[in-house]
Amino acid sequence: MDVTAILDPLNDAQRDAVTVPAAPCLVLAGAGSGKTRVLVHRISWLLSVEGVTPYGVLAVTFTNKAAHEMRSRIEQMLERPLGGMWVGTFHGLAHRLLRAHWQEAGLPQTFQILDADDQFRFIKRLMRGMEIDEARWPPRQVQWFINHYKDEGVRSAHLERTGDHYQDRMIDIYEAYEQACNRAGLVDFAELLLRALELVRDNESVQQHYHQRFSHVLVDEFQDTNAIQYAWIRLLAGESGNVFVVGDDDQSIYGWRGARIENIQRFSKDYSAARTIRLEQNYRSTGTILTAANALIAHNTGRLGKDLWTAGDEGELIRMYAAYNEQDEASFVLERIREWVEQGNLRAETAILYRSNAQSRVFEEKLMGMGMPYRVYGGLRFFERAEIKDALAYLRLIQNHQDDAAFERIVNVPARGIGDRSLTVIRSLARERSLSMWDACLVALDEKPLAARALNALSAFQSLIRSIAQQIEGLPLYEQVEHMLDGSGLLELHRRDKSEKAESRLENLQELISAARAYEPGEDEVEMSPLDAFLAHAALEAGENQADEWEDCVQLMTMHSAKGLEFPLVFMCGLEEGLFPHQRSIEDQDRLEEERRLCYVGMTRAMQQLYMTYAESRRLHGTEKLSFASRFIKELPLEQIDEVRPVGLTQRNASLSSPAWQDDEPAGFSLGDRVMHGKFGEGVVMNYEGQGSHARVQVHFEYEGSKWLVLAYANLERL
DNA sequence: CGCAGCACCTTTTTT
DNA sequence: AGGTGCTGCG
């Protein structure tokens, strides 16, 4: 391999990172600075210049997409397949470890993976069995509680009961959940990571093996790692290992699901010899966009610090549009897209970004109306559809009769006379004797605590599962799926249903057969049965967000899902206080800063042109609400902004001299100030408008909620 | 057992 | 507003 091919396309900082001598290294890679390129070239460098074998390399990402892309780009560069190298997601690799060492990990060989939805249902069922009041302990919160602690590496046994009834009961449920999962051979997403960590940590020989094996560990999107993922990296790489992590603290937007932005700071402490390399040259956006994005993110505190720059043009100003309402906002955006397309550009080059999914609606209606093709990201993925999950549950139960989650899901789908009454009896039997539902059925058939009719139904169900299991043994995977669909009655169930939805469900089930036919186990899955591998694949890689034929479409997505993508023309919509930053994040400094990072992520998606819009009035949850321009707009430098005025000026803020969103801060108060009010108590300044004696501030009070106060009368005291 | 009507909630999402 | 999930009835 020619070294020049690896180094020539790189700038100085990138080259530094790619060729850094084997030692811990932190690469702070700004948006659009060639992060993936650095990772790919780094690995190529290690393999072709440093003489590292693929076998010794571990590369971890968060998403399957990133993992696939990384692998294929390395292979393309080196012009050979890279057997032996571990490239995958945290969860995928953890799964691989657990499959390889299922005995040491204390799992049954046929253990199955619970996705978030499976886990939720399972928790709910479990709580019913425990007769826990779902109003006091909402299953959502229980799920959050369990995952939160698992993400921190804390098991129920580590938690102390303090006498706080709420907390203690949570721990009880957590404990029962762990037991139920163990009994059923089920592993949720957080468990994959925790269990794999414990496996490597507590098992000397396993640890030795992987330490020796992985001379180089590389991590993508490091700012998104949670506590356990970080522990995992340290454990696998060893204290002085060659860890090469790439991330951007300014793009950390997943704190709410456990990501620890502090891991970036911690890295330099834990690996004191670590070099830090900054990639600040941006290859994506215009100078104008970068200047504005830099200015915005500068409002955050505790950054590692980084300013993006470009060798390219300043480009056009950022266009700001104050819409009258959300309808007007959508019309404005779509009109601009129409012009863009008329000028001979692609629809697929444009993206409409918003903070929350509900905002897509207006755009969709209008796009539909004008016959413009579009694609909305997000929503249910293939393997998450109800009919597909039913089918998978059959396969799981066939594979492992102890799988209670699967059992509960399909025991009466299609209806076969096993009602709630019967199930309640079976559940309590299972609980009393620590049995799986399946085994509890066997006991019930023996002890007959139910009417003969119910018992017959249960017995028939078990025979059905057994007989399908028997029939499909040894068949090719897709025939196994085919047989199951037929034998279970699932196909028949949807065939009989004459609704439109049932038709698409049938199509999806057909598609499942095709997916099984097309499925090829990865190199790490060859030792599993094809069916187990397929089931794991379905859970870990839920499939495309939407089956997309490559039609030229306008792209609609949340700013979260836009991360990592780029578009020549970007619209950021709904930049209003309460929507973005979201109401729930406004009062907490850390969460507000995460919102600001999200705004930064959104802005840095734009290559050539960026539009930002807000609506002065918006219909949300059925009610009309007046709103104010987002503080993020006010944080952008005016020099980079071109205000697009509607033809007949907007209702409020009609002055032409200063931008519509820019009110002067009222004397003595700025956003985020803590204030005291004689009657309402303590609060935080959230917004302001007007001037002089008309100046008003919006204050969020601890107990009274948000209020608009006229400064001249309110007599606020700053704290 | 299935369906209809009603209360409830509503940020972001990957694995 | 709109979807979801639960309750109560036939």
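Computed over heavy atoms, backbone and side chain alike; hydrogens, waters and symmetry mates excluded. Convention: sequence-line order gives letters A, B, ...; per-chain numbering from 1.
A parallel orientation is assigned to the rings of A:Y166 and A:W137, their planes being inclined by less than 30° (bins at 30° and 60°). Aromatic ring pairs are classed by plane angle as parallel below 30°, tilted from 30° to 60° and perpendicular above 60°; the pair A:F111 and A:H95 is perpendicular. Between A:W256 and A:Y254, the two ring planes are tilted [angle within 30° to 60°]. Relative ring orientation between A:F461 and A:F407 is described as perpendicular, the plane-to-plane angle rising above 60° on a 0-90° scale split at 30° and 60°.
Residue contacts shown for A:K124 are limited to sugar-phosphate atoms, with no base heavy atom under 4.0 Å away. At a threshold of 4.0 angstrom between heavy atoms, the contacts of A:D224 with the nucleic acid are absent. Here A:L93 lies out of heavy-atom contact (under 4.0 Å) with every strand. Within the nucleic acid shown, A:F189 comes within 4.0 Å of at least one base atom, counting heavy atoms only. A:A94 comes within 4.0 angstrom of no nucleic acid atom, judged by non-hydrogen atoms across all strands.
In this structure, A:F222 atom CZ and B:dT14 atom P are separated by 22 Å, rounded to whole Å. Taking atom OH on A:Y254 and atom P on B:dT13, their separation rounds to 7 Å, with Å as the unit. Atom CE in A:M557 sits about 14 Å away from atom C1' in B:dT12, given to the nearest Å. If you take CZ of A:R257 and P of B:dT15, they are 8 Å apart, rounded to a whole angstrom. Per the geometry, CG belonging to A:L565 stands 11 Å off P belonging to B:dT14, to the nearest Å. In this entry the distance linking CD of A:Q229 with C1' of B:dT13 reads 14 Å, nearest Å. The CD1-P distance, from A:I586 to B:dT12, rounds to 16 Å in whole Å. If you take CG of A:D151 and C1' of B:dT13, they are 13 Å apart, rounded to a whole angstrom.
Here A:L218 contributes atom CG and A:M85 contributes atom CE; the two are 8.5 Å apart, rounded to the nearest 0.5 Å.
Between A:G417 and A:E541, the one whose closest nucleotide on DNA chain B sits nearer the 5' end is A:G417.
When atom types are taken as modelled, the side chain of A:Q251 and the backbone of A:R597 share no donor-acceptor pair closer than 3.5 angstrom. For A:N412 (side chain) and A:A415 (main-chain N/O), no donor-acceptor pair under 3.5 Å exists by modelled atom type.
Contact check on A:D328 versus A:R618 returns no salt bridge, with no Lys/Arg side-chain nitrogen under 4.0 Å from an Asp/Glu carboxylate oxygen.
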Between A:N325 and A:S617, does a side chain to side chain donor-acceptor pair (under 3.5 Å) hold up when you go through it step by step?
CA-CA 5 Å; A:N325 58 21; A:S617 152; 5.6 Å; no
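The span of DNA chain C lying next to chain A, judged by atoms under 4.0 Å from heavy atoms, is bounded 5' to 3' by C:dA1 to C:dC6.
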Going by atom type alone, with no hydrogens or angles, which donor-acceptor pairs under 3.5 Å involve a side-chain atom of residues 450-460 of chain A and a protein atom two or more places apart or on another chain?
unit_1	atom_1	unit_2	atom_2	d
A:N456	ND2	A:A452	O	3.4

Produce a footprint string for nucleotides 2-11 of chain B: one letter per nucleotide, 5' end first; B if the base is under 4.0 Å from any protein heavy atom, S if only the sugar-phosphate is, - if neither.
S-------BB
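Residue A:N64 places no side-chain N or O under 4.0 Å from the OP1 or OP2 atom of B:dT14.
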